[in-house]
**Q** 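A single structure is presented below for examination.
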Number of protein chains: 2
Amino acid sequence: MSRVEYDGAMSLRHAALGLLTFGPASGYDLLQTFNGSLANVWPATQSQLYGELGKLAEAGLVTVAEEGARRRKEYALTDAGLAELRHWLVDVEPTVVRRSDVLLRVFFLGIVEPEQAEEFLRERERDAIERQAELRVTEKEIASDTVDLAVYGRLALEWGLRFTEMQREWAVWAQQEVAKVRG
Amino acid sequence: MSRVEYDGAMSLRHAALGLLTFGPASGYDLLQTFNGSLANVWPATQSQLYGELGKLAEAGLVTVAEEGARRRKEYALTDAGLAELRHWLVDVEPTVVRRSDVLLRVFFLGIVEPEQAEEFLRERERDAIERQAELRVTEKEIASDTVDLAVYGRLALEWGLRFTEMQREWAVWAQQEVAKVRG
DNA sequence: CGAGCCATGTAAAGAGTTACATGATTGC
DNA sequence: GCAATCATGTAACTCTTTACATGGCTCG
């Protein structure tokens, strides 16, 4: 039960704490969720997750509730962990900054041929369509999920649907803009 | 002129190369742009940028074209640098993944009171409005900019305007959804 | 008994942030 | 001369990714 260091960044910690509110789970269990419904929101690697769970246990935010077969450790949220999670949810301002690989390329699209710029934007349109289709699949999975991310997870999903739609419309518009310059 | 290592990630490198297509510039000059028109797309710290310029020079993608007063080094893009930039723009698939601090919180909004969840969403709505206002300011700056990020930078800006609008509308919708559950 | 999944861990390197440190030049 | 701005650099730490490594259990 050492001191809890927390400065505002670092959300893998809170993602793990959050998932444990749905009940005790092992690192392996959590990893399935990170690769599943959380993949589009906060992906994490196995390596990172196991390390983080160790730190979380050391900090007293989770405890090893049970040790099972195959070295399995089942983690459970402590009162301190739940308090930290609530604190993060309510009091800590989310980071606004977002890096966008795509947008950075858009800035420099002037150095390639307009045809290539248009092709780039056409690919963004296709990406958006594809990702939206994937979200529709997730939509059905979530509905029939045992772990109840359904309630508020539905809000996150709707965000994704609106986001991909916006991206698709923008890509179509941007192609027209480039066509204007080219033509 | 050592070998260029490149595996698909890492875009600060390309941001720097891209900015140098508008003409030679010092680390300090580039930093102004990173803090300005690029701040919402690919922020970078002074520390990181100077380090990267050193590596870029070592790799032969840029050269020190001129050394001025106050230790100023003016960097210029080499042919190899421009080639790498074009390659990145046309051949390298942009990363799709995106971490969202906000969306992660949405997933776990069920553990706080519905009133707090609504307040959280109301803040997102305010954020979106505020950020859109900032983009409107940038819009006018870009129009009267000497460095010509204007042409395709305009496309990136429009993306931002559409994005913030989408976010605002989603936040309004989400508040209503929470109100339904609460009521 | 072996394939496949369950389950955890470490090591190394890349990418990003914050803080510290230094010095030159310009303009009032 | 001194404050502000120009200008570069280093050190330490955190977060993230990729690769490597190991072993247990179950079922056909």
Side-chain angles (χ1 to χ4, degrees), chain A residues 4-16 24-36 38-39 41-59 62 64-75 88 95-101 104, chain B residues 3-17 24-36 38-39 41-59 62 64-75 88 95-101 104:
Chain A
V4 180
E5 302 274 354
Y6 180 66
D7 64 350
M10 181 42 181
S11 297
L12 171 63
R13 176 170 309 169
H14 300 103
S26 67
Y28 192 88
D29 292 338
L30 295 181
L31 204 55
Q32 314 309 311
T33 313
F34 275 103
N35 291 333
L38 243 55
V41 166
W42 206 274
T45 59
Q46 176 256 51
S47 185
Q48 207 187 351
L49 182 56
Y50 282 114
E52 195 56 41
L53 284 170
K55 285 179 211 161
L56 245 20
E58 214 184 320
V62 301
V64 179
E66 197 187 315
E67 305 207 26
R70 300 175 181 128
R71 299 170 69 198
R72 177 189 174 89
K73 288 185 212 166
E74 204 152 70
Y75 290 95
W88 170 74
T95 11
V96 215
V97 260
R98 44 174 56 265
R99 288 194 164 79
S100 169
D101 212 354
L104 184 61
Chain B
R3 193 162 54 95
V4 180
E5 302 275 354
Y6 180 65
D7 64 348
M10 181 41 182
S11 297
L12 171 63
R13 179 171 308 169
H14 300 104
L17 291 175
S26 68
Y28 191 88
D29 292 338
L30 295 181
L31 205 55
Q32 313 310 312
T33 313
F34 275 104
N35 291 332
L38 243 56
V41 165
W42 206 274
T45 58
Q46 176 256 51
S47 184
Q48 207 187 349
L49 182 55
Y50 283 112
E52 195 55 42
L53 284 170
K55 285 180 211 160
L56 244 20
E58 215 185 320
V62 301
V64 179
E66 196 189 314
E67 305 209 26
R70 299 177 183 126
R71 299 169 70 198
R72 177 189 174 89
K73 289 185 213 166
E74 205 152 71
Y75 291 94
W88 171 74
T95 12
V96 214
V97 261
R98 40 167 222 302
R99 288 193 163 82
S100 170
D101 212 354
L104 184 61

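Both backbone and side-chain heavy atoms feed into the values below; hydrogens, waters and symmetry mates do not.
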**Q** Please name the pair of heavy atoms, one in Leu49(B) and one in Gly27(B), separated by the smallest distance, quoted to 0.1 Å.
**A**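 So the minimum-distance heavy-atom pair works out to CD2-O, 3.5 Å.
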**Q** What's the CZ-P distance between Arg72(A) and dG9(C), to the nearest Å?
**A**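 Between P of dG9(C) and CZ of Arg72(A): 13 Å.
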**Q** Within the 4.0 Å limit for protein heavy atoms, which parts of nucleotides 16-28 of chain D are touched? Write it as a string from 5' to 3', B for base, S for sugar-phosphate only, - for none.
**A** SBBB----BBS--
**Q** Kindly write out the residues that satisfy side chain to side chain contact (heavy atoms under 4.5 Å, CB included) with Gln46(B), not counting sequence neighbours, or none if the list is empty.
**A**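 With sequence neighbours excluded, Gln46(B) shows a side chain to side chain contact (heavy atoms under 4.5 Å, CB included) to Leu31(B), Tyr50(B), given in chain and number order.
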**Q** Val64(B): what forms a side chain to side chain contact (heavy atoms under 4.5 Å, CB included) with it, not counting sequence neighbours?
**A**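 Glu67(B), Lys73(B), Tyr75(B).
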**Q** Which atom names give the shortest non-hydrogen contact between Ala25(B) and Leu30(B), and what distance separates them?
**A**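 Looking at all heavy atoms of both residues, the closest pair is CB-CD2, 3.9 Å.
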**Q** Partners of Glu52(A) by side chain to side chain donor-acceptor pair (under 3.5 Å), sequence neighbours excluded?
**A**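 By the side chain to side chain donor-acceptor pair (under 3.5 Å) rule, Glu52(A) matches Arg13(A).
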**Q** How close or far is atom P of dG16(C) from atom CG of Leu104(A), stated in whole angstroms?
**A**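 Nearest whole value for this atom pair: 11 Å.
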**Q** Can you check the Leu30(A) CG to dG9(C) P distance for me, whole Å?
**A**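 Interatomic distance, CG of Leu30(A) to P of dG9(C): 13 Å.
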**Q** Can you check the Asp29(A) CG to dA7(C) P distance for me, whole Å?
**A**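 Nearest whole value for this atom pair: 6 Å.
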**Q** Could you state the OH-P distance from Tyr28(B) to dT25(C), rounded to the nearest angstrom?
**A**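 Rounded to the whole Å, the gap is 15 Å.
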**Q** Could you state the CG-P distance from Asn35(B) to dG16(C), rounded to the nearest angstrom?
**A**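 So the CG-P distance, Asn35(B) to dG16(C), works out to 15 Å.
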**Q** In whole angstrom, what separates Leu49(B)'s CG from dA15(C)'s P?
**A**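 The distance from CG of Leu49(B) to P of dA15(C) comes to 15 Å, rounded to the nearest Å.
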**Q** Tell me, please, which residues at least two apart from Arg72(A) pass salt bridge (charged side-chain N to carboxylate O under 4.0 Å, His left out).
**A**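 With neighbours one apart ignored, the set is Asp29(A), Glu74(A).
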**Q** Can you tell me how far the OG atom of Ser26(A) sits from the CZ atom of Arg71(A), to the nearest 0.5 Å?
**A**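 That separation rounds to 12.5 Å.
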**Q** Between dG9(D) and Tyr50(B), is there an OP1 or OP2 to side-chain N/O distance shorter than 4.0 Å?
**A**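 No.
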**Q** My understanding is that only residues two or more places apart in sequence, or in another chain, count here; which of them pass side chain to side chain contact (heavy atoms under 4.5 Å, CB included) with Leu104(A)?
**A**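 Partners of Leu104(A) by the side chain to side chain contact (heavy atoms under 4.5 Å, CB included) criterion, ordered by chain and then number, come out as Phe108(A), Ser11(B), Ala15(B), Leu38(B), Val41(B), Trp42(B), Trp88(B).
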**Q** With each end axis built from five pairs of C1' atoms, what bend angle do you get for the helix from dC1(C)-dG28(D) to dC28(C)-dG1(D)? Round to 10°.
**A**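 One end's axis against the other's: 10°.
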**Q** Roughly how many Å is it from CD in Glu66(A) to C1' in dA7(C), rounded to a whole number?
**A**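 Going from Glu66(A) (CD) to dA7(C) (C1'), I get 15 Å.
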**Q** Report the residues that fulfil side chain to side chain contact (heavy atoms under 4.5 Å, CB included) with Thr45(A), sequence neighbours left out, ordered by chain and then residue number.
**A**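 For Thr45(A) the side chain to side chain contact (heavy atoms under 4.5 Å, CB included) partners, ignoring immediate neighbours, are Ser47(A), Gln48(A).
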